[in-house]
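Here the structure is laid out as structure tokens; the discussion comes afterwards.
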Amino acid sequence: MKDKNKKLGVILLGAGNSQRFGGRKQFFKINGEMMYLSIMKKLASIPNTEKVLVTQFEEMTEEAKQYGFLPVMNKEPERGISSSIKLGIQALYEKEEQFSGILFAVCDQPYVSLESLERLVNDYLNEEEKIACLSYEGEMGNPVVFHPDYKKELLALTGDVGGKKVVKRHMEEVFLVEVKQKRELFDIDEKQDVEKGNETL
């Protein structure tokens with residue numbers, strides 16, 4: 001990829017109401033650590049990035065700043081994940097920087113490893129495809145990195161529809177980065193999912 005020496009934009013999505021979980025799952029502790037902090041710390045370790053956290057919770061903002069994230073408040077989370085995607089992209093590009101790609105991650109994926117995140121970023125920068133995502137045995141998951149060419153399509157999303165819709169439109173441009181353990185792709189939607197994630201150790 002020609003622009004591999006430029007910055008990567010990182011958007012951590014954490015504004016959801018978590019209705020199926022019973023509310024505020026971002027703060028649920030797994031192995032003694034709140035879910036959102038687990039992924040935030042790992043993303044903070046990736047160099048040459050501009051990082052944004054989109055949230056509705058004021059409690060997240062101090063940690064976000066501590067780990068190098070710009071906190072952006074989503075005051076209308078009921079509008080769905082597309083509203084957070086738009087807020088994140090707009091915040092990234094307010095400085096009019098050029099990015100080699102935009103990485104989207106979610107706060108309810110605590111088992112993804114730093115090693116997998118680093119491989120995702122490195123493979124995206126070194127391959128010709130314009131979309132890269134983590135996968136297990138060919139099954140796609142998050143996080144996902146998009147080339148800036150897809151910015152307009154991401155901004156056009158509406159309702160509770162995320163970037164997967166854009167991925168499916170451009171499967172010929174997708175590069176899969178395999179994780180070592182299935183549970184790395186596991187996202188927690190309900191409380192019983194915590195036990196399911198532990199079972200896949």
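Sequential numbering from 1 along the given sequence is applied to the chain's residues. Being a predicted model, the structure only gives us computed values, none of them experimental.
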Which class fits the ring pair F186 and Y111: parallel under 30°, tilted 30 to 60°, perpendicular over 60°?
tilted

With side chain to side chain donor-acceptor pair (under 3.5 Å) as the test, pick out the partner of K41 among E63, E33, Q66.
E33

Could you tell me whether the side chain of S38 and the main chain of M35 form a donor-acceptor pair under 3.5 Å?
no

Side-chain H-bond candidate by donor/acceptor type, E184 with S113, under 3.5 Å:
yes

Looking at K86, I'd like to know if its NZ atom is crowded, meaning that more than 12 non-hydrogen atoms belonging to other residues, nucleotides or ligands lie closer than 6.0 Å.
yes

So does L12 get a backbone contact from the side chain of K51, meaning a donor-acceptor N/O pair under 3.5 Å?
no

Sidechain-backbone polar pair: S82 side chain, D160 backbone, donor-acceptor under 3.5 Å:
no

Note: S116 and L134 closest approach over all heavy atoms is O-CD2, 3.7 Å

Verify the cluster assignment for I89 and V167: are they in a single hydrophobic cluster under the rule of side-chain heavy atoms below 4.5 Å apart?
yes

Carefully, step by step, assess F57 and Y36 under the rule ring pair (Phe, Tyr, Trp, His ring centres under 6.0 Å).
CA-CA 11 Å; F57 304 108; Y36 82 91; 8.8 Å; no

Applying ring-ring contact (aromatic ring centres under 6.0 Å, His included) to Y150 and not counting sequence neighbours gives H170

Hydrophobic cluster membership, with links at side-chain heavy-atom distances under 4.5 Å among I/L/V/M/F/W/Y: are V112 and Y136 in one?
yes

Between E178 (side chain) and E137 (backbone), is there a donor-acceptor pair under 3.5 Å?
yes

Residues K180 and E115 bridged, charged N to O under 4.0 Å
yes

Over 12 non-hydrogen atoms of neighbours within 6.0 angstrom of CD in E139:
no

